[in-house]
Amino acid sequence: MTEESGLKDLIVCHTRISSISDDQLSYAGYNISVLMDNRASFEEVIYLLWNLHLPTQIELKHFKARLRANYAISDAVEQCILIQSRKHLHPMSVLRSTVSLLGVYNVHAEENSIEATYEQSIQLMAKMPTIIAAFARLRMGLSPIEPREDLSFAANFLYMLNGEEAADLEVEALNRALILHADHELNASTFAARVCASTLADIYSCVTTAIGTLKGPLHGGANERVFDMLKEIKELGDAQSYLQDKLDSQEKIMGFGHRVYKTQDPREKYLRFMAKELTVGTENEIWYKLSRDVEDYMKNAKGLIPNVDFYSATVYHVLGIDSSIFTLIFAMSRVSGWIAHIQEQQKNNRLIRPRSQYIGQSDLEYIPLERR
Ligand code: ACO
């Protein structure tokens, strides 16, 4: 293991939640293509990740009811979002502090029995869309919209964000994007959440840790930069020279490359298809076409594959989501995986505390301050 290895290919825990093998992704034994082809709902997938089996009809009905009953956030939390929305903070910083605040306002936040953690999990999961939609609207000077318990997770989010019920195709696109982002084995934010959980910290601390880790541009923060790049290319009118300049100056192209996948990111093809389906014949088709140009160029010039962040940028844009909150949408989905891993860590816990190899100087002589 070298200093630069970034723990590449190192196995550090056992999990039953998700697996990546031969460039395929599975959730609790179900290949994501099976879930996508059978039009699973995001709620079913959350249940699967948390319980390691698909719900029966009754289980799903109860699970959805519990989620929906917890969609609403308190006035106090909404006030805090309002204050933060006026401060030009990074949206992920607002999400991070607001999730932390949910823990402050939950009188049972420090209870860590399996039942208490499950209840906190439902509350956290259910409130994420409400927090994100409220922030997005308050930042634009609009009033937040109350959640609707008669709508699914995806439909309710788009309703709270845009102020009107979304078309079925849009709801289905978000539902599918949420499933594709739900879990991804030991990615950086999930690892961070598990380390935090291994200290027996509360679930709000663990999810806050994960949000901070997802924020960075080498992880979740890539998708908002993908759309910024597409806008710059549209302005310039020439994808090739734009990308060549970036590569010549050793810059990374956002939405390309992956630590684990080498031949394909199995989530990408679904997002590419959705981007096409949602844009063809509309004014948004330009984003799909530009994306194809960038993809072709990157394949030929560097042999690099698009990752989950690349086409999700176009999909989110078409759904009326501003690029500055793309990473929040990622978090709204990935929180399901974080929670699954936190619960799994708690059930069979041992403190995660690796070692480092010291490579600095040693046995130095202390020189008194007045002589330095
Ligand atoms: N653009 C240009 N070159 C790249 C890119 C890229 N996006 N990704 C990798 N490369 C090149 C590197 O420069 C390096 O080349 P070299 O061997 O000539 O030095 C080689 O490919 C290996 O790249 P590493 O950065 O060492 O690969 P690593 O596994 O450490 O990083 C990562 C993977 C962080 C995803 C990287 O590909 C990257 O920075 N991509 C852009 C950011 C991005 O899209 N992140 C989202 C990832 S998916 C997710 O988190 C949801």
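Each ligand, and each atom within it, is numbered from 1 in the order the structure gives. What you see is a predicted model; the values in this text were computed from it and never measured.
Under 4.0 angstrom from ligand 1, the non-hydrogen atoms of Lys302 all belong to its side chain. With a 4.0 Å heavy-atom cut-off, ligand 1 is reached by the side chain of Asp309 but not by its N, CA, C or O. If you look at Phe330 next to ligand 1, the close heavy atoms, those under 4.0 Å, all belong to the side chain. By the criterion of a heavy-atom distance under 4.0 Å, the side chain of Leu304, and not its backbone, is placed next to ligand 1.
Ligand 1 lies less than 4.0 angstrom from a heavy atom belonging to Gly255.
In this structure, atom 37 (O) of ligand 1 has a protein heavy-atom contact shorter than 4.0 Å.
Remark: minimum distance from atom 43 (C) of ligand 1 to any protein heavy atom is reached at Ala222 CB, 3.5 Å. Of the protein's non-hydrogen atoms, Gly257 O, 3.8 Å is the one closest to atom 35 (C) of ligand 1. At the top of the distance list for atom 40 (N) of ligand 1, counting protein heavy atoms only, stands Phe256 O, 2.9 Å. With hydrogens left out, the protein atom closest to atom 47 (C) of ligand 1 is Asn307 ND2, 3.6 Å, a heavy atom. For atom 33 (C) of ligand 1, the closest heavy atom belonging to the protein is Arg259 N, 3.8 Å.
With a 6.0 Å cutoff to the six-membered ring centre and a 45° limit on the axis angle, Arg372 counts as a cation-pi contact of Tyr366.
Nearest to atom 48 (S) of ligand 1 by heavy-atom distance, out of Met298, His258, Lys252, is His258.
With hydrogens and angles ignored, the 3.5 Å screen pairs a side-chain donor or acceptor of Thr213 with a backbone N or O of Thr209.
Near Val308, the atoms of ligand 1 lying under 4.0 angstrom from a non-hydrogen atom of the residue are 51 (C).
Between Tyr261 and His184, the distance separating the two ring centers is shorter than 6.0 angstrom.
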